[in-house]
Amino acid sequence: MARSKNNSTTKKLSYISVPSQIINSLSSSSLQSLLVSPKKSSRSKSSSCLSWLSNYRTPKFWVFFLFLFGIFGMLKLGFNLDRLVPYSPYPCSTTQLHDLVSNRYLKSHMGFASNGENSHQVEVLSESQPLISSGVLQSEVGVEPNSGKVGEEADGSQFWKQPDGLRYRPCLDLTTEYKKASEGIVKDRTKYLIVVVSGGMNQQRNQIVDAVVIARILGAALVVPIFQVNVIWGDESDFSDIFDLKHFKEVLADDVRIVSALPSTHIMTRPVEEKRTPLHASPNWIRSHYHKRIKREGVLLLRGLDSRLSKDLPSDLQKLRCKVAFHALRFAPPILGIGNKLAERMRNKGPYLALHLRMEKDVWVRTGCLPGLSPEYDEIVYNERIRRPELLTGRSNMTYHERKLAGLCPLNAVEVTRLLKALGAPKSARIYWAGGQPFGGKEALLPLIEEFPHFYNKEDLALPGELEPFANRASVMAAIDYIVSENSDVFMPSHGGNMGHVMQGHRAYAGHKKYITPDKRHMLPYFLNSSLPEAEFNRIIKELHRDSLGQPDLRSSRVGKDVTKYPVPECMCNDTNTHSYM
């Protein structure tokens with residue numbers, strides 16, 4: 001309502017709410033004709049109308065009639081616009097929000113926090129629930145919350161389908177001999193093992209598993225592993241910064257005694273240091289070389305344990321490896337809290353895919369491969385490899401193309417995109433990507449972003465300030481990536497490595513959650529065949545990966561493979577009547 005300054009009477013003004021989409025579709029002249037009407041006398045209006053009616057058969061009349069009909073139809077549609085505009089597909093964003101969100105959804109599920117000119121749209125969580133290793137029910141996968149529809153799209157529902165786990169579940173039954181030996185081992189106060197672990201978080205994790213098993217073989221107490229400062233990232237985190245130390249001790253209390261430091265009786269003891277543990281050392285080798293020395297000196301110090309312990313161990317020790325990897329090594333509460341929050345934000349609109357992308361500069365240099373972004377980027381990697389040949393991890397006699405065709409190179413963004421599309425990932429798929437910043441920055445990720453716009457990492461999902469306590473701590477950031485990835489419905493690495501291997505075993509142990517293993521060696525020739533029709537390409541790629549989706553894979557058929565990657569049959573069974581579970 002508005003009161004006229006020139007008249008004593010009050011005039012009622014009516015307003016029409018017009019959606020912005022309609023306004024943008026009108027030309028400026030059409031909009032002006034709607035908003036400003038020239039004043040005419042009633043007589044002129046009458047004569048004008050009669051003139052039009054008398055010429056109703058002319059083309060101008062019908063053009064004008066159809067134009068008015070379209071305008072009124074669009075205005076009518078505007079009153080029901082909420083049914084056509086969905087809530088934002090983004091859980092939160094570091095860019096300015098431009099998606100419309102219905103008020104009902106906004107009030108019940110979303111919260112906003114401002115960060116300068118940018119806004120974050122995130123789910124408000126009252127409490128972080130522990131999600132890791134909880135498994136996913138197959139009946140829940142692919143169902144949008146509150147939607148009542150199975151799958152995100154008609155052509156994408158199969159992508160979220162979980163593999164048949166053949167009812168395998170964790171089972172860690174130990175022999176009577178193992179249990180009897182445990183009584184003496186946990187009471188022993190004469191032998192102590194100190195281990196220094198190195199590398200990234202997932203590499204450290206593997207070495208901790210080996211350290212516990214070696215301590216058990218020697219019948220010694222294990223001093224909490226010492227983390228060597230990472231020379232690449234300068235991360236000075238220690239064990240309790242990454243893992244829950246109290247939980248670690250409690251879970252292993254019946255297997256190995258864990259102590260935070262050497263007791264006063266051994267504090268002045270000069271430890272026997274061993275740096276030459278061979279690859280794939282067996283329990284017998286460990287006993288014959290270390291037992292007398294640790295018994296005599298009281299303290300043994302081991303370094304460089306990465307992949308030193310044999311992967312083919314007695315059944316009880318294999319179960320101990322699984323117990324350490326999947327039960328004892330729980331992340332510290334602050335890390336678990338933020339990791340589960342980010343996982344919940346990814347899940348709040350349905351299933352999501354986690355990608356572990358290995359596209360950092362050092363990865364391209366070490367693998368002897370090229371990123372393929374441009375000749376300039378390829379030259380930078382090539383020159384770095386010439387300058388520091390020691391970084392090349394192996395097979396230095398192979399050319400880049402030979403490595404590529406042998407499946408030894410990480411997939412780049414173009415290849416990951418084509419693989420996901422061929423495997424049926426819908427364009428609406430929500431993707432979390434883990435890993436370091438790719439060489440080439442955002443440009444390196446453009447193919448993925450353009451095909452899958454719902455593409456996030458931890459920085460996109462976090463509220464302002466949430467990640468600040470973990471800044472410049474690469475191991476903590478890797479742990480957060482691990483938690484969000486483990487909770488995803490589908491996981492795929494672009495290259496092998498410690499995280500991919502540990503994640504494969506963890507997802508199998510959690511119920512054989514879908515894990516895509518890219519068959520790079522067999523699929524790349526089809527990627528290079530530009531004459532192959534897309535439908536045929538997709539069919540071939542699906543066929544190649546039919547048995548590479550996380551189905552149970554028995555370690556007994558893979559001698560020398562780690563049980564923490566292939567937990568069946570030593571750590572998992574499908575006979576629920578005779579086995580106990582943890």
How about [X] and [Y]: does a side-chain donor come under 3.5 Å of a side-chain acceptor?
X      : Y      : answer
His506 : Lys513 : no
His327 : Tyr509 : yes
Ser475 : Asp235 : yes
Asp481 : Tyr432 : yes

> Which is it for Thr367 and Arg403 under the side chain to side chain contact (heavy atoms under 4.5 Å, CB included) test, yes or no, and what are the steps along the way?
Replying inline: CA-CA 9 Å; Thr367 57; Arg403 289 173 179 271; 5.6 Å; no
How close do [X] and [Y] get, heavy atom to heavy atom, and via which atoms?
X      : Y      : answer
Ser485 : Ala354 : CA-CB, 3.7 Å
Ala406 : Met398 : CB-CE, 4.1 Å
Trp433 : Gln437 : CH2-NE2, 4.0 Å
Ile480 : Lys458 : CG2-CD, 4.2 Å
Gly199 : Gln203 : CA-OE1, 3.4 Å
Phe452 : Ala425 : CE2-O, 3.8 Å

> Does Lys361 have any salt bridge (charged side-chain N to carboxylate O under 4.0 Å, His left out) partners at least two apart in sequence or in another chain, and if so, which?
Replying inline: none
> Who pairs with Lys421 by salt bridge (charged side-chain N to carboxylate O under 4.0 Å, His left out), at least two apart in sequence or on another chain?
Replying inline: Glu451
With a 4.5 Å heavy-atom cut-off, do [X] and [Y] have their side chains touching?
X      : Y      : result
Leu353 : Phe491 : no
Gln551 : His512 : no
Val490 : Pro351 : no
Met499 : Pro493 : no
Pro333 : Asp244 : yes
His545 : Leu419 : yes
Lys442 : Ile449 : yes
Leu405 : Leu528 : yes

Main chain of [Y], side chain of [X]: is a donor-acceptor contact present, judged purely on distance under 3.5 Å?
X      : Y      : value
His501 : Gly496 : no
Lys520 : Cys409 : yes
Asp460 : Asn457 : yes
Arg321 : Val209 : no
Gln162 : Asp489 : yes
Ser494 : Arg358 : yes
Asp241 : Asp238 : yes

> Are Glu344 and Arg347 close enough for a salt bridge, meaning some N to O gap below 4.0 Å?
Replying inline: no
> Salt-bridged, Glu402 to Lys404, with N to O below 4.0 Å?
Replying inline: no
Distance from [X] atom [atom1] to [Y] atom [atom2], nearest 0.5 Å?
X      : Y      : atom1 : atom2 : value
Glu415 : Leu448 : CD    : CG    : 11.0 Å
Glu536 : Ser531 : CD    : OG    : 11.0 Å
Phe455 : Leu355 : CZ    : CG    : 6.0 Å
Thr517 : Asp547 : OG1   : CG    : 11.0 Å
Leu423 : Met492 : CG    : CE    : 7.5 Å
Ser198 : Gln207 : OG    : CD    : 4.5 Å

>> Tell me which one of Arg430, Lys514, Arg507 satisfies side chain to side chain contact (heavy atoms under 4.5 Å, CB included) with Ser488.
In response: Arg507
> Among Phe470, Phe243, Phe248, which one satisfies ring pair (Phe, Tyr, Trp, His ring centres under 6.0 Å) with Phe331?
Replying inline: Phe243
>> Under the criterion side chain to side chain contact (heavy atoms under 4.5 Å, CB included), I'd like the reasoning laid out for Gln504 against Tyr566: C-alpha separation, chi angles, the key distance, then a yes or no.
In response: CA-CA 8 Å; Gln504 180 176 343; Tyr566 301 98; 3.6 Å; yes
> Does atom CD of Glu379 have more than 12 heavy-atom neighbours, drawn from other residues, nucleotides or ligands, at distances under 6.0 Å?
Replying inline: no
> Is Tyr382 atom OH crowded by more than 12 heavy atoms from other residues, nucleotides or ligands, each under 6.0 Å away?
Replying inline: no
> Going by the ring-ring contact (aromatic ring centres under 6.0 Å, His included) test, which pairs reach into residues 333-378, not counting sequence neighbours?
Replying inline: Tyr377-Phe439
> Can you check side chain to side chain contact (heavy atoms under 4.5 Å, CB included) on Glu450 and Thr417, steps first, answer last?
Replying inline: CA-CA 10 Å; Glu450 291 174 354; Thr417 302; over 6 Å; no
>> Arg205: which residues meet the side-chain hydrogen bond (donor to acceptor under 3.5 Å, both in side chains) condition with it, sequence neighbours left out?
In response: none
> Mind checking what makes side-chain hydrogen bond (donor to acceptor under 3.5 Å, both in side chains) contact with Glu443, not counting sequence neighbours?
Replying inline: none
>> Both conditions, 6.0 Å and 45 degrees, for the charged tip of Arg418 above the ring of Phe527: are they met here?
In response: yes
> Is Arg385 positioned over the aromatic face of Tyr400, cation under 6.0 angstrom from the ring centre and no more than 45 degrees off axis?
Replying inline: no
> Which is it for Phe159 and Leu420 under the side chain to side chain contact (heavy atoms under 4.5 Å, CB included) test, yes or no, and what are the steps along the way?
Replying inline: CA-CA 9 Å; Phe159 181 77; Leu420 289 176; 4.2 Å; yes
>> Using the side-chain contact (heavy atoms from CB on, under 4.5 Å) criterion, which residues pair with Asp378? Sequence neighbours excluded.
In response: Leu370, Pro371
